[in-house]
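This report refers to the structure that appears directly beneath it.
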Amino acid sequence: MKNALISNHLMANNSAYPQIQEYKENAMIGLDPTLSRNQACHKLLTHHFKHFLKYETLALSNADDDVDSEVIHDMRVTIRRIESTLRIFKQDFKASQMSLLKNSLKNMSHRLSFVRDLDVFMENVAHYRDRLGYESTFDAKEDIAFLDLMVYFKRQRKRAMKKIFTLLKGREHVKFKGKVDDFLAPDAKKTKWMTIDKHIPCQIRHIAFSAVYKSYEIIRVRDESLKDATIEQLHDFRKDCKNLRYLIENFQDILGAESTEVLKEIKKVQNYLGELNDTKVALNFLHYYFEHDVHVNKRPVPAFMLSYFAEVENKQQQLLDGFPVFWHQINTPKLRRQIALAIAEL
């Protein structure tokens, strides 16, 4: 019964959070290809910050610190969308503005990512526990050991959430939001645009055309190195794929219909490499917990934890070995045609 309660909590859906579904279903931003870069940047940032504030409100509304995993995930993704926007328009900002925005977003993203990693790890451990069976495989000692592990990491999550709340309620975050409000205010006098050289592309259709190709170039240049890539190298590759994904999503209003198919393929790569990253995180968490368990509880590592550790190691190696073939199946002339057709609309 206790195990079922833990599993139900960890796999809770987002039905209690209609705002999340609203954001996913109404992703269109309303860009027009002839918008100036200033207008497009303003529209994108307004859209994403509005939803960031929704997730912030949802998070802060939980007095018991038990914020739904999907809220954490979508809040983090929204930050990535904002960061993608800033990369597109970085030359439009003064250095002091860019520094403030990037540092604040990076700090929030780092804290949210740790909580998200904990959520994914605990959910996967609970799934493994369920697969083994409750009564037939576990003796009383191992059942206690499993519950101890879950309690330990839930405690870590609670501490991590307190750090997030401290950040969101802190003076620096309030200052950050105030600066964003000033930047996005309708009054043009409050908008701190840099003077733009007349030779810099001035409409969003010009910017999107080159930005998509440049982002894809960064991915393709890694083709030759993927065969023997390390987890760290593939993690960087995953970031590059995310950059392309969020870039296309930002511009999807003005791209051709083929952009939808491009996103499907890029998301496949992101999901594959996400699973690989999850194995790295799980092994790190397990190493850390094994040391804690031996020193605090004075007991050997339970058999089910060792078997789960071995399973994760095996999965990690399979994902590492299989990625070059997987990428070869994704990165085809068809994908390149779809990218070309998507931006041909510009």
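Gln317 is linked by a side chain to side chain contact (heavy atoms under 4.5 Å, CB included) to Leu320, Asp321, counting only residues two or more places apart in sequence or in another chain. Residues passing the side chain to side chain contact (heavy atoms under 4.5 Å, CB included) test with Ser99 are Asn103, sequence neighbours excluded. A search for salt bridge (Lys or Arg N to Asp or Glu O under 4.0 Å) contacts involving Arg220 returns Asp223, not counting sequence neighbours. Partners of Gln270 according to the side chain to side chain donor-acceptor pair (under 3.5 Å) rule, which considers only residues two or more places apart in sequence or in another chain, are Arg245. Listed by chain and residue number, Phe121, Phe153 satisfy the ring-ring contact (aromatic ring centres under 6.0 Å, His included) test with Phe285 (two or more places apart in sequence, or in another chain). A search for side chain to side chain donor-acceptor pair (under 3.5 Å) contacts involving Arg337 returns nothing, not counting sequence neighbours. By the side chain to side chain donor-acceptor pair (under 3.5 Å) test, Arg80 pairs with no residue at all, sequence neighbours left out. By the side chain to side chain contact (heavy atoms under 4.5 Å, CB included) test, Val312 pairs with Thr279, Ala282, Leu283, Tyr308, sequence neighbours left out. Residues satisfying the side chain to side chain donor-acceptor pair (under 3.5 Å) criterion with Ser36, sequence neighbours excluded, are Gln39.
Inspection of the His48 and Asn250 side chains reveals an N or O donor paired with an N or O acceptor under 3.5 Å. Checking Thr34 against Arg205 by side-chain atom types alone, no donor-acceptor pair falls below 3.5 Å.
Using a 4.5 Å heavy-atom cutoff, the side chains of Lys90 and Arg87 are not in contact. At least one side-chain heavy atom of Leu101 sits under 4.5 Å from a side-chain heavy atom of Leu86. Cys241 is listed as a side-chain neighbour of Ile219, based on a closest heavy-atom distance under 4.5 Å. Counting heavy atoms from C-beta outward, Gln316 and Ile231 have side chains that approach closer than 4.5 Å. Residues Lys315 and Glu275 meet the side-chain proximity criterion, which asks for heavy atoms closer than 4.5 Å.
For the atom pair OG of Ser210 and CD of Glu217, the computed distance is 10.0 Å after rounding to the nearest 0.5 Å. For the atom pair Glu249 CD and Thr85 OG1, the distance stands at 11.0 Å (nearest 0.5 Å). Atom NE2 of His47 is separated from atom CD1 of Ile29 by 4.5 Å, given to the nearest 0.5 angstrom. Here the NE2 atom belonging to His42 is positioned 12.0 Å from the CG atom belonging to Leu35, to the nearest 0.5 angstrom. One finds the CD1 atom of Ile79 at 9.0 Å from the CZ atom of Phe49 (value rounded to the nearest 0.5 Å). One finds the CG atom of Leu118 at 12.5 Å from the NZ atom of Lys154 (value rounded to the nearest 0.5 Å).
Annotation: Lys280, atom NZ; neighbour count of heavy atoms from other residues, nucleotides and ligands within 6.0 Å is above 12. Applying the 6.0 Å contact sphere to NZ of Lys267 captures more than 12 heavy atoms from other residues, nucleotides or ligands.
In terms of heavy-atom proximity, Pro33 sits nearest to Ile204 at O-CG2, 3.3 Å. Ile254 and Asp32 get closest at one heavy-atom pair: CG2-C, 3.8 Å. Considering all non-hydrogen atoms of both residues, Lys268 and Phe326 come closest at O-CZ, 3.6 Å. Taking all atoms of both residues into account, the shortest heavy-atom contact from Ala160 to Val115 is CB-CG2, 3.6 Å. Counting all heavy atoms, side chain and backbone alike, Ala59 lies closest to Val71 at N-CG1, 4.3 Å. Closest approach of Ile72 to Leu112, counting heavy atoms only: CG2-O, 3.6 Å.
A single hydrophobic cluster is not seen to contain both Tyr246 and Tyr272; linkage of ILVMFWY side chains at heavy-atom distances under 4.5 Å, directly or through other members, places them apart. Both Met108 and Leu53 are members of a single hydrophobic cluster when ILVMFWY side chains are connected at heavy-atom separations under 4.5 Å. The hydrophobic clustering, which links ILVMFWY residues whose side-chain heavy atoms are closer than 4.5 Å, places Met150 and Tyr152 together. Ile207 and Ile218 fall into different hydrophobic clusters, where Ile, Leu, Val, Met, Phe, Trp and Tyr residues are linked whenever their side-chain heavy atoms come under 4.5 Å apart, directly or through other members. Neither Ile330 nor Leu341 shares a network with the other; the hydrophobic side chains, linked directly or stepwise wherever heavy atoms of I, L, V, M, F, W or Y lie under 4.5 Å apart, form separate groups for each.
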Note to self: Checking Val180 against Leu45 for the side chain to side chain contact (heavy atoms under 4.5 Å, CB included) test, could you report, in this order, the C-alpha distance in whole Å, the side-chain angles of both residues, the deciding distance, and whether it holds?
What the structure shows: CA-CA 9 Å; Val180 172; Leu45 289 179; over 6 Å; no
Next item on the list: Evaluate side chain to side chain contact (heavy atoms under 4.5 Å, CB included) for Val269 paired with Glu265, printing each intermediate quantity in order.
Entry: CA-CA 7 Å; Val269 179; Glu265 298 304 299; over 6 Å; no
Check: Between Asp236 and Arg222, does a side chain to side chain contact (heavy atoms under 4.5 Å, CB included) hold up when you go through it step by step?
Finding: CA-CA 10 Å; Asp236 290 338; Arg222 296 178 181 269; 4.0 Å; yes
Checklist line | Intermediate values then yes/no, side chain to side chain contact (heavy atoms under 4.5 Å, CB included), Leu319 and Leu273 | finding: CA-CA 8 Å; Leu319 290 169; Leu273 294 177; over 6 Å; no
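Formation of a donor-acceptor pair under 3.5 Å by the Ser61 side chain with backbone atoms of Leu58 is found in this model. Judged by distance alone, with hydrogens and angles left aside, the side-chain atoms of Ser109 form no donor-acceptor pair with the main-chain N or O of Leu105 at under 3.5 Å.
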Validation: residues 256-263 side-chain donor-acceptor distances under 3.5 Å, sequence neighbours left out:
{"residue": "Ser259", "atom": "OG", "partner": "Gly256", "partner atom": "O", "Å": "2.9"}
{"residue": "Thr260", "atom": "OG1", "partner": "Gln252", "partner atom": "NE2", "Å": "3.3"}
{"residue": "Glu261", "atom": "OE2", "partner": "Lys264", "partner atom": "NZ", "Å": "3.4"}

Contacts table for residues 167-178: side-chain donor-acceptor under 3.5 angstrom, sequence neighbours left out:
{"residue": "His173", "atom": "NE2", "partner": "Glu56", "partner atom": "OE2", "Å": "2.5"}
{"residue": "Lys177", "atom": "NZ", "partner": "Glu56", "partner atom": "OE1", "Å": "2.8"}

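In this structure, Phe309 and His287 have perpendicular ring planes: the angle between them is above 60°, well past the 30° mark. Taking the six-membered ring where tryptophan is involved, the planes of Phe323 and Phe237 are perpendicular, since the angle between them exceeds 60° and thus also 30°.
For the ring-ring contact (aromatic ring centres under 6.0 Å, His included) condition, no pair includes a residue of residues 207-228, sequence neighbours left out.
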